[in-house]
Amino acid sequence: MRLNKSRSSLVVLALVLLGMFSGGTSASAQQRWLTSLNWSIGFPSGNLDSYTPSTSFSGFSADLRFLQPDRTFFGVSGGWNYFSDLLRYATVTVENGAIYGTQVRTVNAIPLLASAGMFFDDGTSNMHPYAAINVGAYSVNQRVEIGLVQINNNNWHFGVAPEVGMMIDLERTTAFHAQARYNRALSSGTALNGSSDNSYGWWSLNFGFTFTGW
Amino acid sequence: MNNYFRTLSAAVILTVVALTSWSCYYDYGLSVSDYDAVITSRDSSVTSWGSFKTYVMPDSVVHYVAPGERDDISRAYDATILTSIASNMNAMGYKRIYDTTQTKPDVIITQGITSQDYTAYYGGWGGYWGWYGWGWYGWGGYYPPYYPVGSYTYTQGTLIIAMSTVEGTKGADEKIRSIWLAGIAGLVSESASSNASRIQTLIRQSFVQSPYLIPEAL
């Protein structure tokens with residue numbers, strides 16, 4: 001299969017992931033690193049829903065967060081969501097004309113975010129609900145293929161992503177992790193259809209594991 | 001035990017991510033006809049759409065060939081193209097003029113085709129990594145193959161239909177102005193009957209998506 005990606009954004013994401021697995025310095029019992037790896041399911045909304053309405057099961061998210069004694073945390077978060085849809089023999093009306101053909105529409109979105117949040121429990125139970133806010137940049141590639149023609153639209157967007165989640169201890173240093181996040185990449189550049197509103201929004205449900213003390 | 005559990009958990013989630021995420025270019029199983037495309041465009045300054053009722057059309061299809069190159073384009077589909085354009089124009093309500101010395105037509109229909117051969121390479125690194133082409137394909141650039149394993153060629157055919165008006169008096173003042181263009185492109189398959197059928201379908205589509213061409217009823 002072919003992977004189409006924004007090279008620079010993936011290099012940054014790779015550095016984030018590398019940092020997750022190399023930052024294993026010791027910390028106090030009340031302070032520790034939380035590393036999460038999750039499978040991400042994306043649900044398009046707004047403009048993205050109009051372009052590629054299908055739910056995406058191709059994605060992942062990764063978080064590296066440092067937990068403070070007061071149960072707050074800060075860190076970085078990254079990931080990737082891939083949206084794709086097929087419109088067979090569709091006609092699109094454009095200014096003074098029309099385009100007909102089978103369209104393969106895709107959107108590749110890579111968030112690179114700084115995050116801050118807090119846990120709502122005191123750490124003594126096995127379940128740890130939390131809320132966080134993520135702010136940063138999204139690298140978004142919007143692409144359409146009609147016939148033998150492919151048109152790409154790449155932009156960096158400023159964005160925010162509020163999230164809520166739950167960690168459930170499995171054993172001392174591993175927890176199951178469920179996370180709900182709304183990604184909002186604000187408008188930047190021009191959309192493929194010429195619209196000045198080139199914003200993207202999608203909900204994501206992320207499931208995975210959180211590891212502590214790396 | 002803790003390390004084992006942690007390692008197992010990481011392996012599970014990475015496997016799930018790999019299976020779902022790394023197959024990131026969905027293979028929709030497109031057929032040859034899925035690569036067909038029709039683009040139509042009209043002159044926005046024309047305000048008399050609907051007033052055109054008669055047309056003239058030559059009985060041949062022009063082959064667009066670069067100067068100095070041999071015309072290798074097949075004429076097997078010329079008759080299909082001419083018949084299909086005329087039938088669609090007549091179905092919309094246009095009347096074809098054969099003797100322009102007696103009656104001046106409202107519009108002139110011209111048609112021409114071109115074809116382009118492409119070579120695509122695919123490389124392997126434990127499997128199907130990707131394929132690249134040169135010439136005019138999407139990006140319009142050349143990408144060297146990476147550990148090429150094989151190659152294949154394909155031919156793309158393009159049909160251009162133009163509707164033009166003649167303005168001014170005959171002679172030096174006469175100007176031919178294109179008011180509508182249809183570009184039809186697709187892969188040339190090995191099946192002649194399939195190619196002919198798709199040509200008819202796509203020519204009809206070019207008129208279907210241009211309803212402003214229909215003459216106003218008298």
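All values below come from the heavy atoms of this structure, side chains included, with hydrogens, waters and symmetry mates left out. A, B, ... follow the sequence lines: proteins, then strands. Residue 1 opens every chain.
Counted by atom type alone, A:Thr190 and A:Asn198 present zero donor-acceptor pairs between their side chains at under 3.5 Å. Side chains of B:Tyr152 and B:Thr119: no donor on one and acceptor on the other come within 3.5 Å.
Both the backbone and the side chain of B:Gln209 come within less than 4.5 Å of a heavy atom of chain A. If you measure heavy-atom distances from A:Phe176 to chain B, you find no contacts under 4.5 Å at all. In this structure, no portion of B:Ser210 lies under 4.5 Å from any heavy atom of chain A. In this structure, no portion of A:Val94 lies under 4.5 Å from any heavy atom of chain B. Heavy atoms closer than 4.5 Å to chain A are found in both the backbone and the side chain of B:Leu30.
The six-membered or imidazole ring of A:Phe207 lies away from that of A:His177, with a centre-to-centre distance of 6.0 Å or more. Residues A:Trp39 and A:Phe209 place their aromatic rings such that the two centres sit no closer than 6.0 Å.
Taking the ring centre of A:Phe119 as origin, the terminal cationic atom of A:Arg71 falls inside the region bounded by 6.0 Å and 45° from the ring axis.
To the nearest 0.5 Å, atom CG of residue A:Asn47 and atom CD of residue A:Gln142 are 9.0 Å apart.
The greatest number of non-hydrogen atom pairs below 4.5 Å with chain B, out of A:Ile151, A:Ile99, A:Asn81, A:Asn96, is found for A:Asn96. Most heavy-atom pairs under 4.5 Å with chain A, from the set B:Thr40, B:Asp34, B:Leu181, B:Ile39: that is B:Asp34. Contact count versus chain B (heavy atoms, under 4.5 Å) is highest, among A:Gly147, A:Gly101, A:Gly97, for A:Gly147.
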